[in-house]
Amino acid sequence: MKDHARFTFLVGGKAGTGVKSAATAAAELFRRLGRRSFQNDDYQSLIRGGHSFSTVTSACHPVFSQYRRADLAVCFDERSVDAHRDHIADKGVLVYDQDKVEDADGIGLPLSELAGEYPRPDLMLGVGALAVLGAAIGLKQVELAELVGDEYARGKQDNLKYAAAVYEKATESLKGRFELARTEEDFTNIGGNEAVALGAAAAGLDLYFAYPMTPATSILHFLAAHGPDLGVVAVHPENEIAVVNMAIGAAFAGARAMVGTSGGGYALMQEGFSLAGMTEAPLLCVVSSRPGPSTGVPTYTAQADLNLVLNSGHGEFPRVVASPGTVEQAFCLAADLLTLAWRFQVPAVLLTEKHLSECRMSLDFRPDRPAWAEPVTHAEGEFRRYRITGDGVSPLLFPPSDEVIKWSSYEHDEAGYTTEARPGITAMQDKRLAKAATLEQAVGELDTVRVHGEGPLIVTWGSTLMSVLEALEFGGIAARVVQPLFLEPLPVRRLAELRGRKPVVVEQSATGSFARLLRERAGVEPGAEIRQYDGRPFDPEELAARLKEAL
Amino acid sequence: MKDHARFTFLVGGKAGTGVKSAATAAAELFRRLGRRSFQNDDYQSLIRGGHSFSTVTSACHPVFSQYRRADLAVCFDERSVDAHRDHIADKGVLVYDQDKVEDADGIGLPLSELAGEYPRPDLMLGVGALAVLGAAIGLKQVELAELVGDEYARGKQDNLKYAAAVYEKATESLKGRFELARTEEDFTNIGGNEAVALGAAAAGLDLYFAYPMTPATSILHFLAAHGPDLGVVAVHPENEIAVVNMAIGAAFAGARAMVGTSGGGYALMQEGFSLAGMTEAPLLCVVSSRPGPSTGVPTYTAQADLNLVLNSGHGEFPRVVASPGTVEQAFCLAADLLTLAWRFQVPAVLLTEKHLSECRMSLDFRPDRPAWAEPVTHAEGEFRRYRITGDGVSPLLFPPSDEVIKWSSYEHDEAGYTTEARPGITAMQDKRLAKAATLEQAVGELDTVRVHGEGPLIVTWGSTLMSVLEALEFGGIAARVVQPLFLEPLPVRRLAELRGRKPVVVEQSATGSFARLLRERAGVEPGAEIRQYDGRPFDPEELAARLKEAL
Amino acid sequence: MRNLKTPAENTWCPGCGNFGILSAVRKAVARLEDEGVTASRLAISAGIGCHAKIFDYLALSGFYSIHGREMATVQGMKLANPDLSVIAFAGDGDAYGEGLVHLLFAAKRNADITVVVHDNGVYGLTTGQFTPTSPEGFKGPSTPGGNVERPFNPLALMLEAGATFVARGYPGSLDHLADLIVRAVRHRGCSFIDVLQPCVTYNDTYDRYNEHAGLMDDTPATLDEALARARQEDPLLLGVFRDEDKPTFHEKLMPDRNPVRDRLDRASRIRRMTTLYNNR
Amino acid sequence: MRNLKTPAENTWCPGCGNFGILSAVRKAVARLEDEGVTASRLAISAGIGCHAKIFDYLALSGFYSIHGREMATVQGMKLANPDLSVIAFAGDGDAYGEGLVHLLFAAKRNADITVVVHDNGVYGLTTGQFTPTSPEGFKGPSTPGGNVERPFNPLALMLEAGATFVARGYPGSLDHLADLIVRAVRHRGCSFIDVLQPCVTYNDTYDRYNEHAGLMDDTPATLDEALARARQEDPLLLGVFRDEDKPTFHEKLMPDRNPVRDRLDRASRIRRMTTLYNNR
Ligand SMILES: Cc1ncc(C[n+]2csc(CCOP(=O)(O)OP(=O)(O)O)c2C)c(N)n1
Ligand SMILES: Cc1ncc(C[n+]2csc(CCOP(=O)(O)OP(=O)(O)O)c2C)c(N)n1
Ligand code: SF4
Ligand code: SF4
Ligand SMILES: [Mg+2]
Ligand SMILES: [Mg+2]
């Protein structure tokens with residue numbers, strides 16, 4: 001078989017057996033071959049056992065999704081075989097651990113037996129899967145050894161030995177089964193949450209406050225590990241309410257602060273979000289969604305928090321909400337939102353989903369792209385925190401200072417002292433309304449709506465963009481995909497172009513909240529709606545079929 | 001002067017000097033005369049001092065608002081005189097405490113001096129105000145004594161003596177200045193929050209959980225005092241998060257539970273609200289709004305929490321939101337919402353405002369009107385908490401029981417056990433969607449949109465209804481006032497009748513959130529918008545002028 | 001006798017201390033049933049985390065709550081129907097972090113509930129971050145340089161807060177733990193058991209506890225003595241630190257009332273409401 | 001020396017204990033300025049309640065926070081800029097109820113903040129409901145039949161939680177209180193002062209405190225001794241119960257760093273990011 005334009009590698013097994021790291025290593029392998037990839041990790045809310053699998057789809061062109069049907073699937077147990085046996089590509093192959101799986105339609109290899117001689121055999125299976133991949137794509141033994149050495153540095157010697165043994169066995173049945181084209185291109189594989197962390201850091205993030213919550217947790221882990229390098233301190237306080245209030249306190253003292261959580265944690269931050277609105281505290285919140293309501297399905301994906309996020313906090317005040325469609329957009333958007341939050345002294349939300357947060361994809365990483373978050377600062381003369389200005393933005397000043405700097409949760413006068421008087425209340429409400437107008441205009445000048453391709457219209461948002469793009473690629477479908485990057489202020493004028501054109505709306509929501517937003521806020525009546533709300537991202541093949549039908 | 005069709009009594013002074021209770025006693029006086037009244041208390045967020053005033057407007061017909069311009073204003077201090085001197089009705093009079101106020105355009109009386117001989121003179125001024133009112137409307141001395149005896153039972157003898165002395169003095173200058181018509185009608189003066197508590201109790205409320213927060217606090221106080229009489233236990237836990245979670249736990253055990261708070265406390269309950277959505281816990285939340293965002297202006301009024309309330313909680317799930325326009329509606333609606341919450345096992349919100357919560361008005365109190373909240377209960381056979389039924393409603397059963405009853409915040413199967421499987425997730429999302437449809441239909445069959453009068457169209461909601469009705473009455477304006485009682489599910493079909501008819505929309509929101517709801521959800525484009533967002537309810541005179549201009 | 005098995009697949013890591021807790025609970029429920037506390041009268045709750053999965057593994061009625069709030073959930077259940085015996089299964093992240101305030105207030109008001117904390121010193125389900133009981137220096141993914149906070153002593157805090165039954169158990173001493181649970185459930189008032197739960201994946205403390213934990217054979221006579229023993233590190237004492245008989249919250253708040261059982265019917269309410277307003 | 005007067009009208013009830021606290025703070029700030037802690041380096045916060053109005057009455061920079069969260073607010077300030085000395089003014093409803101978890105965690109991690117609790121035993125601003133420190137039997141509008149909960153002993157809780165400076169003050173002993181505040185602010189680490197604050201309107205405790213409060217003239221040598229004295233009711237002791245020198249949270253979390261002052265500039269970040277990814 002020759003030059004697979006697109007190649008999907010899947011590894012499946014119990015949680016805790018190195019499934020995910022094998023996939024990450026495979027993506028690294030593809031990178032070394034000059035191939036771009038998209039990695040998706042499907043795992044349950046448990047630590048050991050159950051069934052988890054990771055999929056890496058790679059190609060010489062950009063890839064925007066995993067595929068359900070694998071060219072090469074390596075399964076460590078019965079359950080994995082059961083889950084994936086029906087999703088093998090036409091010329092694909094299922095490889096299984098013959099020590100764990102009775103008999104299957106594929107190739108059995110003694111993965112466990114070969115691992116048996118090492119101290120923690122179950123932790124080596126991932127290396128085995130990588131060796132199988134190496135053999136199947138005709139990787140040279142030395143190339144494999146180099147990769148394994150880099151990716152599995154702990155217990156390196158054992159890993160190398162084991163990899164060699166599996167490689168040898170696998171070569172017998174699989175050698176060169178798949179020939180993959182290579183390129184000379186260079187790029188970086190980056191995860192969605194990692195990109196958010198990097199984007200914010202590049203724009204000047206000083207402090208990251210978070211309480212662990214899937215699927216936002218890896219931002220915390222990344223910044224705890226790499227923050228010191230990048231000038232960011234990561235703080236893990238007692239709960240989400242502490243998180244948001246500490247972040248606001250930090251902003252008062254002049255620090256660019258960000259928080260991250262999922263729907264439930266964000267729900268707990270609602271009082272704090274409103275506090276940011278009233279005090280005009282610059283604050284960036286990352287919300288990574290999973291299926292709800294409530295605890296829901298913690299390790300899966302959904303776009304079900306749109307309504308809460310767009311309407312966060314009691315009272316009325318300006319805010320910015322935007323949602324990235326790709327890892328690259330996540331990097332730039334985190335920076336842009338931090339910048340907007342500081343420029344306009346508003347709370348901002350980067351709304352994303354498990355699907356983007358926890359995917360990894362190849363991109364041309366350009367740390368120098370983002371702007372730098374800088375507020376309008378007080379220069380001279382008497383300082384009044386809430387000075388009424390034409391655009392509603394009051395210059396900032398930070399302690400220590402000889403001026404008295406008062407931020408207040410109460411309705412306040414320009415100096416920040418409590419007011420209950422009719423004119424005082426109206427004046428500050430009007431100031432915030434003025435700022436909302438300024439903000440709307442400024443956002444309107446950004447590239448708020450991204451358009452991809454030409455053809456009949458599809459509208460989508462967030463990480464579902466990637467599913468749509470890949471489905472179009474897969475299906476060879478021509479379409480014009482419109483993706484509002486900003487959701488609040490909603491770029492109504494730009495979206496208005498879609499009115500009467502009956503676009504197909506694609507989203508991962510049970511109620512169709514995005515279609516409702518389009519219909520109600522922008523007056524765009526969908527021609528058809530494609531929804532999926534089972535926690536799984538769309539599969540490009542399935543989605544392509546549904547799109548063909550709908551377009 | 002003869003038969004004032006409408007008579008406004010105002011009493012103003014420092015907080016803690018009996019301003020509010022004098023107004024309540026005045027309303028009781030009017031009641032005894034067969035006159036209906038509307039009482040509004042305007043007070044600051046402080047305990048002693050400052051400036052507070054209460055207004056009681058009374059008439060022989062229903063009254064829906066206080067009036068800014070008073071026929072009789074009794075002011076205890078300079079600040080009150082300053083605040084009200086310009087708002088005396090054409091034939092009205094300002095009476096002031098000549099011991100505290102230098103000289104004013106009105107009638108000075110030695111209110112403090114006469115109180116001087118009693119132990120706590122400042123606490124007696126309210127009695128003095130009442131005596132002034134009595135004299136001014138030609139009340140007989142015995143009638144006054146009876147009233148004072150009933151309303152000021154503590155220190156009764158002193159109060160009676162003091163009232164007599166003030167009455168005598170006041171009679172000299174005021175005697176019979178206002179002649180008020182009387183009727184033989186009988187009714188009750190009830191406060192907004194009191195009505196909510198009563199309505200819920202009448203529908204079967206068992207437990208009320210709340211943490212104090214203005215302007216919802218008086219529900220807690222009322223039920224703490226009178227709950228034992230009515231079969232309701234009031235519980236005041238450590239914070240709002242405990243409140244909502246205890247209430248949900250109580251619902252699991254079969255108790256009809258209600259919680260009450262204002263915007264900030266409600267923001268804290270968002271995670272719990274979503275929990276109620278997922279577990280399908282019947283829960284009634286009362287949210288009484290004040291100007292926000294954040295702490296805002298705690299003791300004043302606003303309609304600024306609409307967006308948060310309509311979009312509460314992360315994830316997607318059915319809920320009911322409704323807002324009463326009058327005290328009578330508040331009574332019935334609290335009962336209806338408790339009933340709906342239990343019938344459909346959904347969280348429900350009674351959204352109201354300080355203006356309604358803390359007003360008192362005359363009504364024909366009919367405790368037997370509300371229905372009784374009863375769930376669909378499991379009869380026989382195997383019990384499954386989340387049994388999938390045609391209408392999405394699963395019959396309930398409560399412990400103790402030999403059946404296993406599992407409610408869960410995780411996505412679950414019919415028996416309530418956690419599921420992460422694709423079909424399991426979709427099935428329960430579909431169940432909740434089915435219930436949403438059932439609920440929408442059921443609500444659609446209720447009297448969801450109230451229509452008052454005939455003429456050009458006005459649309460309003462919540463307590464602003466009262467302001468509008470009174471303004472029409474005052475201005476002699478004919479109009480058809482449309483008031484959606486239910487806001488979610490929004491009675492879109494009924495509101496659709498307004499499309500293209502360019503109604504005037506009246507609300508107390510800075511951003512016009514209700515107008516936006518009408519425009520975006522119901523397709524009703526306002527012809528004009530009237531907004532006020534200074535924390536004060538509309539004054540009927542001012543509003544009448546604005547309505548005349550807009551209609 | 002109720003069979004507590006459920007259809008849910010157990011997904012704890014092999015060797016996890018939670019298995020021992022589950023066994024102890026099963027034993028305890030059997031004994032409680034023998035002693036007349038029927039399984040039908042038990043109602044359980046749980047937070048979110050590895051510990052909380054016990055909810056799905058017990059065929060007992062209950063409410064799978066959210067992270068840190070199960071202590072409030074069971075207090076609500078108890079107030080609604082005081083005939084129920086309620087148990088909250090909590091994690092250490094849950095009960096000593098996110099929801100600490102509810103735990104302490106349950107103690108303060110002597111709410112008649114039982115809280116069993118699966119204290120494994122980590123956020124297990126979110127992959128091993130430090131918790132309020134992790135020692136200084138603990139390396140987890142949010143503290144790669146080591147936890148810089150001093151751990152709480154949950155027993156001491158609960159003793160201070162007023163819990164009337166305070167105990168420490170260990171699944172390695174299974175019968176003892178089962179016994180603690182029986183006593184806690186039977187105890188009138190706020191019962192609290194901190195269970196030393198090894199997490200084999202992120203914080204394997206079996207060796208430490210097997211070596212350093214020791215059973216007490218009496219209950220300290222005074223609060224001071226209880227505190228002193230609760231603070232002791234070697235041996236780490238297992239047993240009951242406090243067992244006091246005091247009136248409980250629901251008894252004091254609504255003497256002799258059971259809101260659900262004694263619900264006032266519609267007619268009575270209307271009558272009473274009418275009376276209330278006529279007498280005004 | 002900064003003049004701390006502000007344009008805000010004071011709206012406390014005449015005779016309120018908060019006036020004394022305000023005076024003590026004014027004195028303390030003056031003394032701190034003398035000792036080199038300039039007013040410009042102080043940053044304050046407050047919850048919501050009568051106590052919190054002190055925010056408007058002090059010409060100091062700060063953040064008027066929300067009910068129960070001011071302890072988190074000041075921790076955020078301190079982490080952003082450790083050069084600041086931060087003070088949270090809290091109510092007893094605030095700090096011991098709504099936001100208790102933040103107070104205890106500040107102690108646990110020895111956050112370098114000062115918390116001054118205006119402990120008046122009522123929710124003053126919401127008209128006199130019981131709080132976590134109200135005695136059993138206290139009649140407020142939410143407990144007309146009397147509070148049925150045992151009060152917390154906040155000093156004991158904070159001592160258990162690990163606060164390194166724990167004190168009790170009384171505005172009736174004004175200079176003593178001012179002195180406590182000075183010491184608390186100067187103390188490195190979590191400083192906590194429970195101030196016995198009479199609320200003349202809802203809980204007038206002047207007589208009780210004037211009669212039963214007494215100054216300690218030493219600091220207890222041990223934690224046990226501190227706890228014993230904190231629990232003592234007559235005399236109710238005023239003074240410092242604990243004053244320990246321990247590394248603080250920010251020092252341990254980010255040794256020698258001040259995120260705001262030492263912000264890494266754009267070019268350095270880009271460079272480091274590039275290096276990080278090239279070396280991968
Ligand atoms: C409000 C909220 N924040 C965060 C989470 C994510 N979360 C799930 S389990 C968990 C930690 C649980 O730790 P612990 O309570 O110690 O339980 P364990 O898993 O160790 O048994 C967290 C933080 C959540 N579910 N809800
Ligand atoms: C989240 C939230 N819940 C409730 C309130 C209402 N509230 C304002 S002040 C207060 C009580 C304050 O009591 P305390 O902290 O003791 O302060 P004090 O007034 O006695 O000084 C409450 C409950 C609020 N502002 N925010
Ligand atoms: S991660 Fe730890 S606590 Fe969770 S199941 Fe595994 S061993 Fe048990
Ligand atoms: S109510 Fe109490 S605490 Fe509040 S100002 Fe008055 S006396 Fe002070
Ligand atoms: Mg744990
Ligand atoms: Mg207080």
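Letters A, B, ... mirror the listed sequences (proteins, then strands); counts begin at 1. Just so it is clear, the model here is predicted, and its values are computed rather than measured.
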Checklist entry - Does a donor on one side chain and an acceptor on the other come within less than 3.5 Å for Ser312(B) and Tyr266(B)? => result yes
Checklist outcome for this item: When rounded to the nearest 0.5 Å, the distance separating CD1 of Ile44(C) from CG of Leu60(C) is 5.0 Å
Item to check | Residue part contacting chain C, namely of Phe365(B), when any heavy atom lies under 4.5 Å | outcome: side chain
Next on the checklist: Counting only non-hydrogen atoms closer than 4.5 Å, does Phe55(C) touch chain B with its backbone (N, CA, C, O), its side chain (CB onward), both, or neither?
Outcome noted: both
Item to check | Toward chain B, the part of Arg2(C) with a non-hydrogen atom under 4.5 Å | outcome: side chain
Checklist entry - Considering only heavy atoms, which portion of Asp150(B) lies under 4.5 Å from any heavy atom of chain C: side chain, backbone, both, or neither? => result neither
Item to check | Aromatic ring proximity Phe383(B)/His378(B), centre distance under 6.0 Å | outcome: yes
Item to check | Ser61(C) side-chain N/O to Ile405(B) backbone N/O, donor-acceptor pair under 3.5 Å | outcome: yes
Checklist entry - Would Arg109(C) count as a cation-pi partner of Phe249(C), with NZ or CZ less than 6.0 Å from the six-membered ring centre and within 45° of the ring normal? => result yes
Checklist entry - Between Arg269(C) and Asp206(B), does at least one N-O distance fall below 4.0 Å, as a salt bridge requires? => result yes
Checklist entry - What option among Val101(C), Asp83(C), Val74(C) has the most heavy-atom pairs under 4.5 Å with chain B? => result Val101(C)
Item to check | Interface moiety of Thr188(B) toward chain C, non-hydrogen atoms closer than 4.5 Å | outcome: side chain
Checklist entry - Which bit of Met254(C) comes within less than 4.5 Å of chain B, counting heavy atoms only: side chain, backbone, both or neither? => result side chain
Next on the checklist: Heavy-atom cut-off 4.5 Å, strictly under: side chain, backbone, both or neither for Ala59(C) against chain B?
Outcome noted: both
